[in-house]
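For reference, the structure discussed in these notes is given below.
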There are 2 protein chains.
Amino acid sequence: MKLSTKGRYGIQAMFELALYYGEGPISLKTIAENEGLSEHYLEQLMAILRKADLVKSVRGAQGGYMLAAPPDKITVGDVIRTLEGSLAPADCVVEDTPFECSRAGGCPTKLVMERIRDSINKVIDSITLQDMVEDYRRLNQKSAFMYYI
Amino acid sequence: MKLSTKGRYGIQAMFELALYYGEGPISLKTIAENEGLSEHYLEQLMAILRKADLVKSVRGAQGGYMLAAPPDKITVGDVIRTLEGSLAPADCVVEDTPFECSRAGGCPTKLVMERIRDSINKVIDSITLQDMVEDYRRLNQKSAFMYYI
DNA sequence: TGAAATCCGGGTGATATAGTAGGAATTCAG
DNA sequence: CTGAATTCCTACTATATCACCCGGATTTCA
């Protein structure tokens with residue numbers, strides 16, 4: 001039940017873009033260095049996010065990527081689902097195109113899977129990139145304060 | 001973020017054992033036929049569940065498996081975690097032995113992962129095998145009723 | 001005594017993951 | 001106007017995991 005690196009790196013990259021929202025395009029080089037990720041691999045993830053209209057790109061020197069909407073309008077769920085597809089724990093409870101098993105009707109395991117799926121969706125849809133930025137500033141503020149003691 | 005078949009088949013098998021709890025050992029052949037699973041593969045899963053003291057086995061003819069505790073004392077979480085390990089969506093938030101990344105302290109992505117992990121655990125720890133049996137009987141009763149209309 | 005089971009270790013083909021490689025196209029700065 | 005920076009695009013690949021299967025040893029009941 002691990003998230004693949006697609007989802008995780010995607011969140012990290014989108015968080016970076018949220019941190020610098022409104023300050024022009026940010027290059028993949030910057031993101032990759034800040035988050036310690038492979039630049040080439042990030043490229044592929046950004047292509048997916050761009051096609052899903054979650055980021056905009058600017059080509060050429062001094063180019064880069066920026067969020068396609070304000071950080072409080074993009075949720076972690078938008079990002080993860082774009083990169084990983086449905087977070088349903090089993091094929092029979094994928095939201096739009098479930099793969100029905102033979103006993104789909106009266107299957108108690110399916111009920112379990114639905115409850116897991118729903119709880120994951122509820123969490124990731126409730127967290128925006130803005131929330132992450134605020135968490136980050138709060139965490140950093142706290143550790144800065146610690147140095148004064 | 002799919003559950004592997006280990007977790008899913010494990011739940012299905014444990015549900016079967018719960019359904020016949022108190023009626024003596026159930027053979028893998030029966031379980032495999034009822035749930036449409038590979039008998040040989042189930043064998044490996046049951047070995048893991050047996051070592052974790054979730055099931056007891058009886059060898060020889062008329063042997064099989066039975067729950068090691070009443071269905072209301074075994075949760076879906078017990079089964080899934082035994083077969084799949086932690087359900088943490090990233091290594092940095094595995095409960096007992098997290099793999100700390102460099103920025104572990106002030107990482108906003110880690111907070112997201114923790115919230116996903118906790119919501120999954122909350123759901124699976126709240127569902128017992130007994131709950132599944134009751135769901136199953138309710139669902140079956142309903143469809144039997146439907147035929148009368 | 002033989003059939004029905006569990007137990008056990010190893011093997012295996014297919015698929016997904018997490019990248020790397022190499023270059024084309026675009027755009028800004030000087 | 002040239003070169004550096006950067007996105008864009010396609011293809012390739014090593015590794016690991018999954019989801020089993022195989023073959024046989026052992027145990028136990030009828």
Side-chain angles (χ1 to χ4, degrees), chain A residues 1-13 16-17 20 24-52 54-68 80 83-86 89-91 99 101, chain B residues 1-13 16-17 20 24-52 54-68 80 83-86 89-91 99 101:
Chain A
M1 277 287 279
K2 290 276 180 298
L3 221 53
S4 77
T5 54
K6 278 186 194 166
R8 196 165 77 252
Y9 294 180
I11 296 175
Q12 293 181 249
E16 289 286 329
L17 294 184
Y20 301 111
I26 311 292
S27 74
L28 278 189
K29 192 170 186 228
T30 305
I31 297 176
E33 278 171 5
N34 282 3
E35 296 283 341
L37 306 175
S38 151
E39 187 180 339
H40 260 301
Y41 187 43
L42 263 188
E43 221 172 82
Q44 296 173 46
L45 308 188
M46 295 311 281
I48 299 171
L49 293 172
R50 183 170 45 80
K51 281 164 194 159
L54 290 174
V55 300
K56 284 184 294 192
S57 62
V58 177
R59 300 185 67 170
Q62 276 64 49
Y65 293 88
M66 54 188 118
L67 296 184
I80 297 184
L83 291 169
E84 306 233 354
S86 167
D91 288 332
F99 178 79
C101 75
Chain B
M1 277 287 279
K2 290 277 181 296
L3 221 52
S4 78
T5 54
K6 279 186 194 166
R8 197 165 78 252
Y9 294 180
I11 296 175
Q12 293 181 249
E16 288 287 330
L17 294 184
Y20 301 110
I26 311 292
S27 74
L28 279 188
K29 191 168 187 231
T30 305
I31 297 176
E33 277 172 6
N34 283 1
E35 296 283 342
L37 306 175
S38 150
E39 188 180 338
H40 263 299
Y41 187 43
L42 263 187
E43 221 173 81
Q44 296 171 47
L45 308 188
M46 295 312 280
I48 300 171
L49 294 171
R50 183 170 45 80
K51 281 164 194 160
L54 290 174
V55 300
K56 283 184 294 193
S57 62
V58 177
R59 300 185 67 170
Q62 275 63 49
Y65 294 89
M66 53 189 117
L67 296 184
I80 297 184
L83 292 169
E84 306 233 354
S86 167
D91 288 332
F99 178 79
C101 74

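Note that the structure is a prediction, hence the values are computed from the model and not measured.
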Between [atom2] of [N] and [atom1] of [X], the distance in whole Å:
X	N	atom1	atom2	value
B:Asp91	D:dA16	CG	P	15 Å
A:Lys2	D:dC18	NZ	P	11 Å
A:Lys29	D:dA4	NZ	P	14 Å
B:Leu28	C:dA4	CG	P	15 Å
A:Leu83	C:dA16	CG	C1'	16 Å
B:Gln44	C:dT12	CD	C1'	13 Å
B:Arg59	C:dT6	CZ	P	10 Å
A:Leu42	D:dC8	CG	C1'	15 Å

### Task
Flag the pair A:Met66 / A:Val58 as yes when at least one side-chain heavy-atom distance between them is below 4.5 Å, and no otherwise.
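In contact.
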### Task
With heavy atoms under 4.0 Å as the rule, sort B:Arg8 into base, sugar-phosphate or nothing.
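Nothing: the residue B:Arg8, judged by heavy atoms under 4.0 Å, touches no strand.
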Distance check: side-chain N/O of [X] vs OP1/OP2 of [N], anything under 4.0 Å?
X	N	value
B:Arg50	C:dT6	no
B:Tyr65	C:dC7	yes
A:Tyr9	C:dA18	no
A:Ser38	C:dT20	yes
B:Ser4	D:dA19	yes

### Message
Taking the nucleotide of DNA chain C with the nearest heavy atom to each, does B:Met46 or B:Ala61 sit closer to the 5' end?
### Response
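Its nearest nucleotide lies further toward 5', so the answer is B:Ala61.
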### Closest-nucleotide 5' rank along DNA chain C - winner of B:Ser57 and A:Glu39
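First, find each residue's nearest nucleotide; the 5'-ward one identifies B:Ser57.
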### Distance-minimising heavy-atom pair for A:Thr5 and A:Tyr41
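In this case the closest contact between A:Thr5 and A:Tyr41 is OG1-OH, 3.2 Å.
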### Exercise: identify the closest heavy-atom pair between A:Glu16 and A:Glu35
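Closest approach of A:Glu16 to A:Glu35, heavy atoms only: OE2-OE2, 2.6 Å.
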### Query
Would you find a donor on one side and an acceptor on the other, under 3.5 Å apart, between the side chain of A:Glu84 and the backbone of A:Gly7?
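It does hold such a pair.
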### Query
Can you find a donor-acceptor pair, distance only, under 3.5 Å between A:Gln62 side chain and D:dT7 base?
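Counting by modelled atom types and ignoring angles, no donor-acceptor contact under 3.5 Å is found here.
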### Donor-acceptor pair present, B:Glu43 side chain and C:dC7 base, under 3.5 Å
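Per atom types, the contact qualifies.
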### Task
Please determine which of B:Leu67, B:Leu49, B:Leu54 meets the side-chain contact (heavy atoms from CB on, under 4.5 Å) test together with B:Leu17.
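Going through B:Leu67, B:Leu49, B:Leu54 one by one, the side-chain contact (heavy atoms from CB on, under 4.5 Å) with B:Leu17 is satisfied by B:Leu67 alone.
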### Query
If each of B:Leu3 and A:Ile26 is mapped to the nucleotide of DNA chain D with the nearest heavy atom, which maps nearer the 5' terminus, i.e. the 5' end?
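Result: A:Ile26.
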